[in-house]
Amino acid sequence: MSKIRTVQQHILDEERLYPGATGDFTALLTSLIVAAKIISREVNKAGLVKILGETDNVNVHGEIVMKLDEFAQHTICLAMGHSGHLCVMASEESENIIPIPDGSKRGNYVLMFDPLDGSSNIDVNASIGTIFSIHRKITNARDGSLEDCLQKGSRQAAAGYFIYGSSTVMVYTTGHGVHGFTLDPSLGEFLLSHENITTPARGKIYSINEGNVSQWDPGTRRYIDYLKENCKDHGHPYSLRYIGSLVADFHRNLLKGGIFLYPGPKGKLRLLYEAAPLAMVVEQAGGAASTGTERILDVQPTSLHQKVPLIIGSRDDVAEYNQFYVDATASAAD
Ligand code: P6P
């Protein structure tokens with residue numbers, strides 16, 4: 001029988017890797033886990049309590065905000081704003097940075113998150129998720145600022161996601177490997193289920209919205225055509241798997257191997273709370289994440305909701321895409 005370890009025990013063990021640790025980071029993650037348990041409970045009964053359906057609100061990106069989106073946003077802000085370990089927050093659902101409530105203790109960490117990614121899938125019961133990125137404060141003021149948010153992904157202290165699917169799974173990294181925990185609703189505990197996740201160097205799955213083919217750059221088009229042929233280098237064509245929910249597509253490819261692509265020119269996915277945290281996870285699992293020309297974790301953010309092209313997954317697949325992209329760009333320049 002494999003060992004039974006809760007995520008709290010795992011986080012405490014990780015804390016021991018840092019002799020000077022104060023416990024703040026452990027408490028921060030613990031608060032986030034409580035918020036995720038509450039969101040998981042609501043997601044799993046959404047169909048029963050008429051929490052489905054759309055509000056009449058529209059977020060900063062002009063997307064209709066689903067009721068569960070609002071609930072997830074509110075839950076995380078409430079749980080984390082009073083945790084005493086943050087100096088500032090940022091969310092896909094908030095145009096500006098989210099200050100820590102007056103009267104609450106400030107901390108030395110920054111939390112950026114997508115409260116419920118893939119929410120357009122809520123009413124068809126497809127898996128959705130919460131993505132989070134944690135940075136250390138770099139400014140000296142008591143309150144965090146936009147500068148504390150606009151840090152390169154390579155500086156993240158931790159990153160991960162919760163996927164609300166057939167079960168609720170938490171996947172996270174603090175830079176010491178990637179670990180997955182499955183929620184046992186009867187205990188209310190996340191139990192270690194995927195220790196030291198490593199993603200295959202090459203997969204047999206590609207994930208892209210083929211409906212956008214007319215917008216693809218030549219490199220992307222050539223690469224996808226290559227994957228569909230009985231590509232000689234791999235002896236088999238790849239299979240297309242695309243749910244349209246980033247966390248679900250990413251999680252499947254992380255475990256099975258494969259490549260997810262939301263290519264340029266601008267991309268749709270946001271750097272700070274989607275691409276960068278998943279890039280930290282995938283690199284810690286032995287994979288890669290790029291814009292086609294640049295490592296995602298090296299991109300210097302310039303705005304809170306900045307979008308980037310995202311090519312992420314198995315190391316050799318991403319490297320192969322990058323080569324197609326660079327070659328096509330070079331030949332277009334000739
Ligand atoms: P498209 C969901 O709206 C999302 O932000 C991601 O979860 C998902 O990967 C992507 O958009 C899907 O976008 O244009 O293919 O519907």
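For ligands, and for the atoms within them, numbers begin at 1 and follow the listed sequence.
- Contact annotation: for Leu246 versus ligand 1, heavy atoms closer than 4.0 Å belong to both the backbone and the side chain.
- When non-hydrogen atoms are compared, ligand 1 lies under 4.0 Å from neither the backbone nor the side chain of Phe250.
- With respect to atom 5 (O) of ligand 1, the closest heavy atom belonging to the protein is Asp117 OD1, 3.6 Å.
- Taking a cut-off of under 4.0 Å to the non-hydrogen atoms of Asn209, the atoms of ligand 1 that pass are 1 (P), 14 (O), 15 (O).
- Aromatic ring orientation, His251 versus His194: perpendicular (interplanar angle above 60°, classes split at 30° and 60°).
- At the top of the distance list for atom 14 (O) of ligand 1, counting protein heavy atoms only, stands Tyr262 OH, 2.6 Å.
- A salt bridge is defined here as a Lys NZ or Arg NE, NH1 or NH2 lying under 4.0 Å from an Asp or Glu carboxylate O, and Arg16 with Asp13 meets this definition.
- At the shortest separation from atom 12 (C) of ligand 1 among protein heavy atoms lies Tyr242 OH, 3.3 Å.
- Counting only heavy atoms from C-beta outward, the side chains of Thr198 and Val178 never approach each other to under 4.5 Å.
- No option in Gln284, His179, His10 other than His10 meets the side-chain hydrogen bond (donor to acceptor under 3.5 Å, both in side chains) test with Tyr172.
- The nearest heavy-atom contact from the protein to atom 11 (O) of ligand 1 is Lys268 NZ, 3.0 Å.
- Ring-plane geometry between Tyr109 and Phe25 is classed as tilted, the angle between the planes lying from 30 to 60 degrees on a 0 to 90 degree scale.
- Close N/O approach between Glu274 and ligand 1 is not found [any backbone or side-chain N/O within under 3.5 Å].
- Of all atoms in ligand 1, listed by their number and element, those nearer than 4.0 Å to a heavy atom of Gly244 are 2 (C), 7 (O), 8 (C), 12 (C).
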- Query: Would Glu283 and Ile296 satisfy side-chain contact (heavy atoms from CB on, under 4.5 Å), going step by step from the backbone distance to the final call?
  - Reply: CA-CA 10 Å; Glu283 286 202 4; Ile296 289 288; over 6 Å; no
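- Shown in contact with Phe260 at under 4.0 Å from a heavy atom are these atoms of ligand 1, numbered in order with element: 9 (O).
- Ring pair Phe162/Phe190 is tilted by interplanar angle, where 30° to 60° counts as tilted.
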